[in-house]
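Residue numbers run from 1 in the order of the sequence given. Model, not experiment: these values are computed from the prediction.
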Amino acid sequence: MSVRVAKSAGFCFGVSRAVEMVEQAAAAGKQVVTLGPIIHNHHVVDKFRALGVRVIDTPEEAQPGQTVIIRSHGVSRAVYERLKQQGVEIIDATCPFVKRIHGIVSRASEEGRLSVIIGTPTHPEVEGIAGWCSQCQVFETLEDLKNWAESQESLKNSAICMVSQTTSTESLWKLCGEFAKKQFTNLKLFDTICRATEYRQSEAAELSEICQAMVVVGDPKSSNTGRLAMICREHCDKVFLVDNASELRPEDFHGVSDVGITAGASTPAWIIKEVNKTMSEITNAETVQEENFAELLEQSIKTLNTGDKVIGTVTGIGNTEVQVDLGTKHAGYIPYDEVSNDPSVKPEDILKVGDQIEVFVVRVNDQEGTVQLSKKKLDGLKVWDDMAAWVEDKTTVEGVITEENKGGLVANVKGIRVFIPASQSGIAKGGDMAGMVGKTVQMKITEVNRARRRVIGSIRAVNAEARKAAQEKIWSEIEVGKKYHGTVKSLTSYGAFVDIGGVDGMVHVSELSWNRIKTPADVVKVGDEIDVYVISFDPEKHKISLGYKTAEMNPWNQFMTKFSVGDVVDAKIVKLMTFGAFAEIIPGVDGLIHISQIADRRIGKPEDVLSEGQEVKVKITDIDAENKRISLSIRALLEQPEGDAE
């Protein structure tokens, strides 16, 4: 035998807050009245009546000098104004979630929007919400919404604001929202369902699936208690809605081994405790779930202060904020921009309903019963501890460069602003630091001043560490002839310095090209990636001589591979001499056109026929491979007139 009590059974924070307000006002000796029953539970109302707290039905019944408490369901703007005219003290115990809806529809009216409310038209909460709109429509079902929308074609492009009664179901809200998005082109949707209610209903469904009988405790007039019973009946055959322990009958539980207990949001803790005790006696349960309800009630009204670190349960993820149950009288919420230090992270990526999270209390509003929370700030406090450890351990961390300024760069490391001086940026003086913005970099944290919120970082330290490791690797493996892929770091008149992975080697100007060049810049420029090979090295002096030109790059070898005697090629006249003209076949390879081979007639000098830079077609007549000489002829390609003898 076992009896299981739902964790969410009993007062929600909105009801707990309203009850506490009445208790405090009565204890202060005030003449207290409530506008309507403070909650939907006659036991609580009777208890307050014994303390002298009366219930009035209209604002006009309030008398000067009295303290009127507005119940958690809230009231319309008109009712609120009439109360003011009565000359009474007003204590507003409206549930913070409901109060938020009042603000939404009020602003919507100022914008000229029609408010559409999904909920029960006769429910006090809905009546109160409607009283803060200049114009609104209320729909209890999706079918009602569809029938109205499809008959109002003129409203298709109208400005619409859509909200939900806090105790509505998630499934109904989603269906209505999906329909409205297709129906209206100028729509603003606000997910205003109270996730505490959704969580209570979900837990009741889960409990009723595994128990042979369910006991739902609450006032039969309470709509949320009735909905709990309805949900339980979908999964369990034996469901009993009771007002208190006296309504439990032993004969209803014959043969039952597992009993679940849940309760509506207006059910006080002492009634749930009595039901739990009685149910355990009826079933002779071997294992009874004992709950210290007095302790739970005390916890539910505990105070919170700015700067506190508290643990709560995620009850909902809305459009602009994450709702958190702190187990107190306050409605906790985390604005989206306080969820994570990374603005690209979506709340649903790192949080889900039911998660327990530690948060930082940013602001407590006892009047509205809300508390603004921040996960980002608490994460930030923890990062400061990490920062100090990173300095000691010389840990390499990752950050994103967010801006450049005169002194250097600024990076974001887990939400903390880290300054990187220009000298520690790893960029040469005069280099493009602005190009670093937006890049993810590795750095060392070198200094942390928590009091001044100042952190110094160094990219250069990481580069130096990596460079040192790379240098050790290169010097341990280097050998003559070994090839490397490197980057040209700087140029001088006598050569180019190339970084081959942490170590710089020099390519002498004579090793850059097979052709005669004036400066290294004729072949390479800073930043070029080139393939080089080791000619020689000196580990003691840390000097490496590199080569860039290879046998494959030798113009003569290229010529010998591509051409042979008898080939006709295009050539360019590069120099005129008295005995002939030199013509370039490919860059770096010239051939001689003897004066006798320039024309099909006798000429005085080559410039009579040719000029430097002229393109001509020639025939290769001889190749002297040993001396690297080539003989060319234009005459061999010219037709000789008949009878012409030489």
Spatial distance of atom CZ (F190) from atom CD1 (I101) [nearest 0.5 Å]: 11.5 Å
Intermediate values then yes/no, side-chain contact (heavy atoms from CB on, under 4.5 Å), T67 and V88: CA-CA 6 Å; T67 296; V88 297; over 6 Å; no
Rounded distance [0.5 Å steps], CD1 in I416 versus CH2 in W384: 5.0 Å
Under the side chain to side chain donor-acceptor pair (under 3.5 Å) test, residues paired with S151 that sit two or more places apart: none
Criterion side-chain contact (heavy atoms from CB on, under 4.5 Å) on V324 and T313, from CA distance to verdict: CA-CA 5 Å; V324 180; T313 302; 5.8 Å; no
Point-to-point distance, once rounded to the nearest 0.5 Å, from CD1 of I69 to CE of M21: 8.0 Å
Passing candidate, side chain to side chain contact (heavy atoms under 4.5 Å, CB included) with V314, options D325, V359, I357: I357
side-chain contact (heavy atoms from CB on, under 4.5 Å) evaluation trace for V437 with T402: CA-CA 5 Å; V437 176; T402 56; over 6 Å; no
Exercise: do Q165 and T167 side chains pair donor with acceptor under 3.5 Å: yes
Expected output: side-chain T141 to main-chain D144 donor-acceptor under 3.5 Å: yes
Charged N-O contact under 4.0 Å between R82 and E60: yes
Pairs satisfying salt bridge (Lys or Arg N to Asp or Glu O under 4.0 Å), at least one member in residues 106-124, at least two apart: E111-R113, E111-K188
Test item: N41 side-chain N/O and V44 main-chain N/O as donor-acceptor pair under 3.5 Å: yes
Side-chain ion pair, E89 and K30, N-O less than 4.0 Å: yes
With a cut-off of 3.5 Å and sequence neighbours excluded, list every side-chain donor-acceptor pair involving residues 72-80.
from: S76; atom 1: OG; to: V79; atom 2: N; distance (Å): 3.2
from: R77; atom 1: NH2; to: S106; atom 2: OG; distance (Å): 3.1

Donor-acceptor under 3.5 Å (K221 side chain, H40 main chain): no
Any residue meeting side chain to side chain donor-acceptor pair (under 3.5 Å) with Q212, in chain and number order, not counting sequence neighbours: S257
Basic-acidic side-chain contact under 4.0 Å: K99, D92: yes
Side-chain touch N157/F184, heavy atoms, less than 4.5 angstrom: no
Name of the residue among T192, I118, L114 meeting side chain to side chain contact (heavy atoms under 4.5 Å, CB included) with M162: I118
Identify all side-chain donor-acceptor contacts of residues 229-238 below 3.5 Å with residues at least two apart in sequence or on another chain.
from: H235; atom 1: ND1; to: E209; atom 2: OE2; distance (Å): 3.4

Spacing of NZ belonging to K376 relative to CG belonging to D337, to within rounding of 0.5 Å: 5.5 Å
Qualifying ring pair (Phe, Tyr, Trp, His ring centres under 6.0 Å) pairs with a residue from residues 207-228, counting only residues at least two apart or across chains: none
salt_bridge(E338, K377) N-O dist < 4.0 Å: yes
Min side-chain heavy-atom separation V242-V215 under 4.5 Å: yes
Nearest heavy-atom neighbours spanning K375 and I334: N-CG2, 4.1 Å
D349 bridged to K346 by N-O distance under 4.0 Å: no
L326 to V310 - nearest heavy-atom pair and separation: CD2-CG2, 3.8 Å
Heavy-atom pair with the smallest gap, counting every atom of D219 and T225: O-CB, 3.9 Å
Contacts of N224 that satisfy side chain to side chain donor-acceptor pair (under 3.5 Å) - sequence neighbours left out: S222
Spatial distance of atom CG (L241) from atom CE (M214) [nearest 0.5 Å]: 11.0 Å
Taking every non-hydrogen atom, the tightest pair across T278 and A245: OG1-CB, 3.5 Å
Sidechain-backbone polar pair: N276 side chain, I272 backbone, donor-acceptor under 3.5 Å: no
Minimum heavy-atom distance between V371 and V361, given as atom pair plus value: CG2-CG1, 3.6 Å
Verdict with supporting geometry, V105 and C136, side-chain contact (heavy atoms from CB on, under 4.5 Å): CA-CA 9 Å; V105 297; C136 71; over 6 Å; no
Minimum heavy-atom distance between T267 and V217, given as atom pair plus value: OG1-O, 2.9 Å
Pairs where residues 114-140 contributes a residue and the test salt bridge (Lys or Arg N to Asp or Glu O under 4.0 Å) is met, not counting sequence neighbours: none
Pair S2-D258, side-chain donor/acceptor within less than 3.5 Å: yes
Within residues 45-56 or reaching into it, pairs that qualify as salt bridge (Lys or Arg N to Asp or Glu O under 4.0 Å) - sequence neighbours excluded: E23-K47, D46-R49
Inter- and intrachain pairs under ring pair (Phe, Tyr, Trp, His ring centres under 6.0 Å), touching residues 141-182, at least two apart: F139-W148
N/O donor-acceptor pair under 3.5 Å between E203 side chain and A6 backbone: no
Point-to-point distance, once rounded to the nearest 0.5 Å, from CD1 of I117 to OG of S168: 12.0 Å
Where at least one partner belongs to residues 313-324, residue pairs that pass salt bridge (Lys or Arg N to Asp or Glu O under 4.0 Å), sequence neighbours excluded: R100-E321
Side-chain donor-acceptor pair present, E81, Q85, cut-off under 3.5 Å: no
Which residues share a side chain to side chain donor-acceptor pair (under 3.5 Å) with E61, sequence neighbours left out: T58
Check: T34 side chain, G36 main-chain N or O, donor-acceptor pair, under 3.5 Å: yes
